[in-house]
Amino acid sequence: MEELEPEKGKKQKKIKLSDRKRITKLLLERFFDLRAFGAPLKASEFPGEVVRGPCQIPMVQSLNTVMPVDVGITRGSVTNEKDADKESTMGSFSKVRHAAFMGVCTVSAHLAEKTGFSEGDFALLTDAIDNMFEEDRSYNRILNMQGMVVLKHDDCLRSGKLHNLKKAIKVDQKKKYTESFEDYEISIDKKMLPEGISIERNDF
């Protein structure tokens with residue numbers, strides 16, 4: 001790879017397609033995030049190919065209306081000279097007492113084959129999602145991953161469409177105003193799952 005390193009102050013030489021493929025292969029073997037989510041390597045320092053990652057995680061959606069609340073706080077220290085004569089100052093922050101969100105992660109079998117994304121990589125991804133909030137706590141924001149449902153297609157061309165699979169996962173509120181995750185009931189309607197779809201994991 002050193003021979004392909006561009007010299008500073010000089011226009012980068014055109015990289016052969018065979019070299020681009022070799023660079024891409026080396027990077028895919030080394031980096032998990034590249035195998036999972038891809039990257040536009042043509043714009044990187046070592047130009048490779050544009051890699052389309054098999055894993056896609058869209059924006060999560062709240063199960064009900066999120067109501068933020070402004071909370072007043074007293075700060076026991078001063079942070080600027082104009083407040084030097086004060087013993088404390090007032091401030092505020094926004095807080096959500098309770099909210100529940102549902103997200104989706106899809107994995108393309110065809111793109112996984114191209115990037116080398118393996119069953120081991122998938123296990124690493126699910127473990128990361130399971131524990132992603134455990135080291136990210138703060139006073140006004142405590143998030144907990146409550147569970148996961150993993151559905152597997154028997155056919156690499158997919159045995160069912162995503163929007164239909166989401167309909168099979170039922171989320172019901174036990175009461176009108178929810179205060180905890182226990183106020184929800186989550187189940188899978190197996191009758192709505194197309195033929196060729198198997199449940200690999202169900203935490204509910």
Side-chain angles (χ1 to χ4, degrees), residues 31-39 52-73 92-112 115 117-156 158-204:
F31 297 106
F32 162 82
D33 57 334
L34 185 58
R35 292 194 301 273
F37 302 105
R52 289 188 60 195
C55 304
Q56 298 294 327
I57 304 179
M59 296 286 287
V60 298
Q61 184 177 3
S62 60
L63 299 179
N64 49 23
T65 304
V66 176
M67 299 293 293
V69 178
D70 288 332
V71 180
I73 57 173
S92 66
F93 66 89
S94 296
K95 183 176 182 179
V96 176
R97 181 177 178 182
H98 165 71
F101 300 87
M102 179 178 177
V104 175
C105 174
T106 63
V107 181
S108 166
H110 288 293
L111 294 178
T115 66
F117 186 79
S118 64
E119 292 281 352
D121 288 333
F122 181 74
L124 183 61
L125 177 64
T126 54
D127 181 70
I129 294 174
D130 273 332
N131 299 287
M132 62 183 173
F133 297 122
E134 294 306 310
E135 301 298 330
D136 186 29
R137 308 290 189 187
S138 68
Y139 170 73
N140 64 328
R141 178 177 55 79
I142 299 178
L143 300 175
N144 297 298
M145 180 68 182
Q146 297 292 344
M148 186 183 302
V149 174
V150 178
L151 302 177
K152 185 177 181 180
H153 300 254
D154 290 345
D155 192 337
C156 64
R158 295 188 179 273
S159 305
K161 295 183 178 180
L162 176 61
H163 66 278
N164 290 328
L165 298 179
K166 289 176 66 177
K167 291 177 183 177
I169 301 176
K170 306 292 185 181
V171 181
D172 299 313
Q173 291 184 204
K174 297 178 182 178
K175 57 184 184 180
K176 186 175 181 180
Y177 300 105
T178 57
E179 297 178 341
S180 70
F181 190 74
E182 283 66 36
D183 294 332
Y184 298 90
E185 184 173 349
I186 300 176
S187 60
I188 300 178
D189 188 346
K190 296 181 180 179
K191 295 180 180 178
M192 294 188 67
L193 292 177
E195 186 177 351
I197 296 291
S198 59
I199 302 174
E200 297 293 301
R201 172 179 168 179
N202 181 11
D203 296 338
F204 306 104

Tell me the closest heavy-atom pair linking F117 and P54, and the distance in Å.
CB-CG, 3.9 Å
Summary of side chain to side chain donor-acceptor pair (under 3.5 Å) pairs that have at least one residue in residues 117-131, sequence neighbours excluded:
R35-D121, S118-D121, D127-N131, D130-R201
Not counting sequence neighbours, which residues clear side-chain hydrogen bond (donor to acceptor under 3.5 Å, both in side chains) with E182? List them please.
S180
By side-chain hydrogen bond (donor to acceptor under 3.5 Å, both in side chains) - contacts of D172 (at least two apart)
none
Of all residues at least two apart in sequence or in a different chain, which pass the side chain to side chain contact (heavy atoms under 4.5 Å, CB included) check with T65?
M67
Tell me, please, which residues at least two apart from K174 pass side chain to side chain contact (heavy atoms under 4.5 Å, CB included).
E185
pair C105-L125: side-chain heavy atoms closer than 4.5 Å:
yes
List in chain and number order the residues that pass side chain to side chain contact (heavy atoms under 4.5 Å, CB included) with L124, two or more places apart in sequence or in another chain; answer none if no residue qualifies.
F32
Under the salt bridge (charged side-chain N to carboxylate O under 4.0 Å, His left out) test, residues paired with E134 that sit two or more places apart:
R137
Distance-minimising heavy-atom pair for F133 and L143:
CB-O, 3.3 Å
List the atom of K176, the atom of Q173, and the distance in Å for their closest heavy-atom pair.
O-NE2, 3.2 Å
Go through the structure and list residues passing side chain to side chain contact (heavy atoms under 4.5 Å, CB included) with D154, not counting sequence neighbours.
S159, S198
